**Q** 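I have a structure I would like to understand better, so I am pasting it below and will then ask my questions one at a time.
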Amino acid sequence: MKERKLKNIFVNGAVSAQFIAESIEKHQHSTTIGAHSIFLGQVRADEIGEERVAGINYTAYEEMALKKMDEMREAIFEKYALSCLHVHHSLGLVPAGQVCLFVFCSSPHRKAAMEACDELVERIKAELPVWGKEILTNEAHQWKENK
Amino acid sequence: MKERKLKNIFVNGAVSAQFIAESIEKHQHSTTIGAHSIFLGQVRADEIGEERVAGINYTAYEEMALKKMDEMREAIFEKYALSCLHVHHSLGLVPAGQVCLFVFCSSPHRKAAMEACDELVERIKAELPVWGKEILTNEAHQWKENK
Amino acid sequence: MNIEVLLFGRLAELLGSERLHLEAVADTDAVCSQLEGLCPALKQLNYQIAVNHMIIHDNQWLTDGMTVALMPPFSGG
Amino acid sequence: MNIEVLLFGRLAELLGSERLHLEAVADTDAVCSQLEGLCPALKQLNYQIAVNHMIIHDNQWLTDGMTVALMPPFSGG
């Protein structure tokens with residue numbers, strides 16, 4: 001059984017605002033789309049004692065994450081009347097203030113895009129084998145855990 | 001009693017992807033933001049009999065809309081732990097495929113931004129005195145009604 | 001007594017005007033019946049009324065300088 | 001018999017390696033106890049196990065060429 005090619009979701013470093021703008025522009029040719037729901041995860045400079053988070057270094061179990069993402073994508077398309085759905089997640093260092101997750105759902109009517117986006121973000125946080133190492137201003141680090 | 005200055009939400013014509021990118025970039029200096037939830041309304045080229053929607057021409061009761069928006073903004077800030085919230089709505093002609101509504105909610109943690117954005121979009125559609133006249137390809141028109 | 005009447009969307013189209021001034025109108029019901037006199041088709045249409053930017057649900061007394069807006073169903077976004 | 005073991009996040013740091021090869025391991029419990037032998041601190045940590053990309057909840061028999069991943073709590077996004 002030959003496996004179909006899995007769509008890559010990983011990008012090196014932060015997701016730029018320019019990249020997001022280009023993704024939006026690409027969807028302005030589809031005249032059946034009436035709503036886009038976008039979620040952006042941004043690295044916070046949380047204070048940890050005397051130090052601050054300078055950035056997060058992301059690693060992933062890439063093969064498993066892409067399989068899992070493919071499974072989630074199928075489930076979301078089955079559940080909601082979406083036109084399209086794109087996910088981009090950073091690997092490597094993302095400095096505080098920069099975007100590390102970009103989820104983009106489009107549909108003819110708003111409800112589908114909004115509900116799909118909300119559900120997908122929750123599932124990504126809970127089920128995608130990705131780990132963030134918070135790098136502090138004194139170069140110490142600690143491992144992040146999603147709640 | 002002097003009224004405080006109301007924030008304008010109206011822009012002439014479509015909201016460009018570049019404008020959206022610049023809004024995102026402006027929020028990358030705030031290192032307490034961890035999540036952005038963005039909603040974009042886009043004009044669909046719906047088929048109406050033999051014709052298609054070429055664009056929507058928006059008009060508003062501007063003074064009342066800005067007061068209403070201010071009231072909603074206050075209510076949303078009271079209900080959710082948001083860092084900031086921006087709304088931009090088109091006036092005048094927006095061609096099919098272009099963005100006519102941009103709602104942008106940011107917060108330290110994802111739930112607040114996502115729930116605030118969803119609620120605000122529903123309220124904007126239901127309560128903001130704005131009217132869209134769908135211009136068809138044969139130059140006929142019909143008045144849109146939100147459900 | 002001078003009451004400003006604002007018309008929007010389909011209603012502005014139907015009455016051929018976005019702004020009227022009425023004088024002998026004691027309350028919002030009087031505004032509606034004067035406009036229905038000008039344009040009987042108005043009776044068939046669904047609209048809300050705002051007085052000085054506030055939506056009202058019952059007939060309201062008017063005083064000089066008030067603004068009455070007739071608003072068809074919203075369709076923003 | 002050759003089992004590939006992948007370690008992630010805090011676990012890779014603790015064991016000083018992201019990838020190990022084990023031979024005499026009949027099941028996933030054997031993988032864990034061998035690794036706990038190398039690094040007793042592992043016993044205190046919370047992690048999930050995936051065999052060939054599938055998360056398992058009970059002990060699973062292993063055959064030659066399988067990949068076992070030890071994954072601490074996720075923190076993507």
Side-chain angles (χ1 to χ4, degrees), chain B residues 3 6 9-11 15 39-44 46 53 56-72 87-92 94 98-103 117-118 120-135 140-147, chain C residues 2-22 25 27-29 31-32 34-36 38-77:
Chain B
E3 283 185 19
L6 297 176
I9 62 166
F10 292 110
V11 294
V15 178
F39 178 83
L40 304 176
Q42 186 169 300
V43 174
R44 284 192 316 274
D46 283 349
V53 172
I56 297 184
N57 196 8
Y58 286 101
T59 51
Y61 184 4
E62 291 187 52
E63 303 89 317
M64 182 172 158
L66 297 186
K67 279 194 179 182
K68 192 76 205 173
M69 192 62 236
D70 192 66
E71 199 184 297
M72 289 187 212
V87 174
H88 304 276
H89 196 296
S90 297
L91 287 184
V94 180
Q98 304 274 301
V99 171
C100 57
L101 172 62
F102 171 28
V103 178
C117 189
D118 288 6
L120 198 54
V121 170
E122 293 308 314
R123 291 197 61 181
I124 286 170
K125 297 258 181 184
E127 300 175 45
L128 220 55
V130 174
W131 296 274
K133 184 165 79 169
E134 293 177 328
I135 312 294
H141 71 260
Q142 63 181 21
W143 292 94
K144 204 177 156 242
E145 268 189 45
N146 284 344
K147 272 164 242 153
Chain C
N2 183 16
I3 299 299
E4 183 178 52
V5 179
L6 302 177
L7 301 159
F8 293 96
R10 188 198 299 278
L11 301 182
E13 188 176 68
L14 193 68
L15 280 120
S17 178
E18 294 179 347
R19 186 184 299 254
L20 299 169
H21 290 274
L22 297 183
V25 281
D27 54 27
T28 52
D29 280 357
V31 171
C32 295
Q34 274 210 24
L35 295 180
E36 286 169 6
L38 289 171
C39 172
L42 190 59
K43 283 182 209 163
Q44 317 306 323
L45 294 180
N46 179 19
Y47 58 88
Q48 288 185 291
I49 297 172
V51 175
N52 289 356
H53 307 123
M54 296 284 289
I55 288 177
I56 58 161
H57 298 284
D58 298 304
N59 185 28
Q60 189 181 308
W61 290 105
L62 298 173
T63 58
D64 189 47
M66 280 184 163
T67 300
V68 178
L70 272 59
M71 308 183 296
F74 304 151
S75 50

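Within every chain, numbering begins at 1; the chains are lettered A, B, ... in the order of the sequence lines, protein sequences first and strands thereafter. A quick note: this is a predicted structure, and the numbers were derived from the prediction, not measured.
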**Q** Against chain C, label B:Ala65 side chain, backbone, both or neither, depending on which of its atoms sit under 4.5 Å from a heavy atom there.
**A** neither
**Q** In terms of heavy-atom proximity below 4.5 Å to chain B, should C:Glu13 be classed as side chain, backbone, both, or neither?
**A** side chain
**Q** Quick check for you: to the nearest 0.5 Å, what is the distance between C:Ser75 atom OG and B:Lys133 atom NZ?
**A** 11.5 Å
**Q** Please round to the nearest 0.5 Å and tell me the distance separating atom CZ of C:Phe74 and atom NZ of B:Lys125.
**A** 14.0 Å
**Q** Show the nearest heavy-atom pair for residues B:His89 and C:Gly77, with the distance to one decimal.
**A** NE2-N, 2.7 Å
**Q** Quick check on B:Leu128 against chain C: is it the side chain, the backbone, both or neither that has a heavy atom closer than 4.5 Å?
**A** backbone
**Q** Would the number of heavy atoms belonging to other residues, nucleotides or ligands and lying under 6.0 Å from CG of C:Asp64 be above 12?
**A** yes
**Q** Is C:Ala50 in contact with chain B via its backbone, its side chain, both, or neither, using a 4.5 Å heavy-atom distance?
**A** side chain
**Q** At what distance, to the nearest 0.5 angstrom, does CD1 of C:Ile55 lie from NZ of B:Lys68?
**A** 6.0 Å
**Q** So which of B:Gly41, B:Cys100, B:Gly132, B:Pro129 has the biggest tally of heavy-atom pairs under 4.5 Å with chain C?
**A** B:Pro129
**Q** First locate atom CD of B:Glu63, then atom OG1 of C:Thr67, and finally report the distance between them rounded to the nearest 0.5 Å.
**A** 8.5 Å
**Q** Are the side chain of B:Asn146 and the backbone N or O of C:Pro73 linked by a donor-acceptor pair below 3.5 Å?
**A** no
**Q** I'd like to know which of C:Gln48, C:Met54, C:Arg10 tops the heavy-atom pair count under 4.5 Å against chain B.
**A** C:Arg10
**Q** If you draw a 6.0 Å radius around CD in C:Glu4, do more than 12 non-hydrogen atoms from other residues or ligands fall strictly inside?
**A** yes
**Q** Can you measure from CG (C:Leu45) to CH2 (B:Trp143) and round to the nearest 0.5 angstrom?
**A** 12.0 Å
**Q** Once the angle between the rings of B:Tyr61 and C:His53 is folded into 0 to 90°, is it parallel (under 30°), tilted (30 to 60°) or perpendicular (over 60°)?
**A** tilted
**Q** Can you say whether B:Gln142 sits under 4.5 Å from chain C via the side chain, the backbone, both, or neither, judging by heavy atoms?
**A** neither
